[in-house]
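The structure under discussion appears below in the form of structure tokens.
Below, chains carry the letters A, B, ... as their sequence lines are ordered, and counting in each starts from 1.
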2 protein chains.
Amino acid sequence: MNSLALLKSNKLSQTSSRIDILEVFLESDTGLTEKEIDERIDSKYDRATVYRTLKIFREKGIIHPIIAENEMTRYVLKKDPVEHIHFKCELCGNVFCLTEVNISGIKLPKGFIKKEANFLISGMCPGCN
Amino acid sequence: MNSLALLKSNKLSQTSSRIDILEVFLESDTGLTEKEIDERIDSKYDRATVYRTLKIFREKGIIHPIIAENEMTRYVLKKDPVEHIHFKCELCGNVFCLTEVNISGIKLPKGFIKKEANFLISGMCPGCN
DNA sequence: CATGTTTTTGCGACTTTGTTGCAAAAATAG
DNA sequence: CTATTTTTGCAACAAAGTCGCAAAAACATG
């Protein structure tokens with residue numbers, strides 16, 4: 001995937017900060033916090049800019065959040081639009097999108113209307129095991 | 001449920017802060033943030049005390065956390081030890097423990113070992129619908 | 001490619017959540 | 001009742017995230 005094309009297809013202006021931050025995501029296979037992004041771009045941009053960029057990427061559906069306990073929100077590139085489980089390894093810290101796990105069987109009781117879902121399982125990943 | 005007995009059975013000393021905070025939980029059917037607890041006890045105790053109390057209650061398994069995006073951690077009394085989904089209504093803010101939804105069908109791929117799970121669905125509850 | 005308009009950025013100040021060390025106060029054990 | 005242990009309040013702190021505003025960069029258009 002190309003960062004310039006990705007910005008274009010989402011109708012986002014091509015600023016260096018957006019390109020750089022997007023490239024960080026493209027090069028990472030893990031969920032990233034704002035802090036981790038900041039490190040990887042050597043604090044080249046203001047924290048406010050990074051936060052604003054993350055917000056926009058999210059609204060566009062380029063990235064999606066992983067919400068874990070006692071942790072800052074992490075983001076990963078949204079490769080698969082299908083709703084899925086996230087797995088966070090407690091040892092290496094890696095976050096995996098388990099798109100192969102079927103969660104379509106989860107049905108809410110009458111009257112509950114789903115808008116968004118967030119499933120996170122933590123434990124040990126195959127690599128650390 | 002009685003707050004004094006609950007403290008005793010968990011081998012916690014009976015301080016007025018623990019009793020009061022536990023009572024707030026016993027009287028609430030919603031997940032509560034530290035701030036909300038603070039309001040309900042009229043800031044009778046220091047914030048640090050409330051945080052420390054929440055931590056201990058959690059370690060003892062008296063309460064359990066609800067982790068939602070862009071939200072402070074909420075806690076609810078752990079009535080049912082069975083793993084379950086939480087539902088958060090975006091309108092009224094109420095959090096429901098959907099113990100009736102069966103999630104035992106969720107199986108992780110080979111090599112992944114589950115330690116903890118956090119399932120949160122947000123949307124609209126029957127009351128607001 | 002020059003220029004006017006729109007969008008984005010950096011800065012700084014701020015809010016909120018949550019933590020920690022330490023001395024005083026309260027709870028508990030005997 | 002008293003000694004010991006635990007808990008509390010205070011104050012200071014750290015880190016995440018937001019916001020207004022002026023400057024800078026990107027973009028559209030001729």
How many whole angstroms separate atom [atom1] of [X] from atom [atom2] of [N]?
X       : N      : atom1 : atom2 : value
A/Glu39 : D/dA16 : CD    : P     : 10 Å
A/Leu7  : C/dT8  : CG    : P     : 11 Å
B/Glu69 : D/dA16 : CD    : P     : 17 Å
A/Leu54 : D/dT18 : CG    : P     : 10 Å
A/Glu71 : C/dT17 : CD    : P     : 20 Å
B/Arg52 : C/dA25 : CZ    : C1'   : 13 Å
B/Ile19 : C/dT28 : CD1   : C1'   : 14 Å
B/Leu4  : C/dA27 : CG    : P     : 12 Å

Does any N or O donor sit under 3.5 Å from an N or O acceptor when you compare the side chain of A/Arg47 with the base of C/dG12?
no
How about [X] and [Y]: do any of their side-chain heavy atoms sit closer than 4.5 Å?
X       : Y        : result
A/Phe57 : A/Ile21  : yes
A/Leu32 : A/Tyr75  : no
A/Arg74 : A/Val95  : yes
A/Phe96 : B/Leu108 : no

We want to know whether B/Glu23 and B/Ser3 form a side-chain donor-acceptor pair, criterion being a heavy-atom distance below 3.5 angstrom.
yes
When you match B/Asn70 and B/Ala48 each to their closest nucleotide on DNA chain D, which lands nearer the 5' end?
B/Ala48
Quick one: is B/Tyr51 getting a side-chain N or O under 4.0 Å of the C/dG18 phosphate, OP1 or OP2?
yes
Exercise: identify the closest heavy-atom pair between A/Glu36 and A/Gly31:
OE1-O, 3.6 Å
Out of [options], whichever nucleotide has its closest atom nearest the side chain of [X]:
X       : options                : value
A/Met72 : D/dC19, D/dG17, C/dT8  : D/dG17
A/Thr73 : D/dG17, C/dT19, C/dG18 : D/dG17
A/Lys35 : D/dT8, D/dC21, D/dA16  : D/dA16

How does protein contact run along nucleotides 25-30 of chain D, one letter per nucleotide 5' to 3', with B for base contact, S for sugar-phosphate only, - for none, heavy atoms under 4.0 Å?
-SS---
Heavy atoms under 4.0 Å, any strand shown: does A/Arg18 hit a base, just sugar-phosphate, or nothing?
sugar-phosphate
Is there a donor-acceptor pair under 3.5 Å between the side chain of A/Asp42 and the backbone N or O of A/Lys44?
no
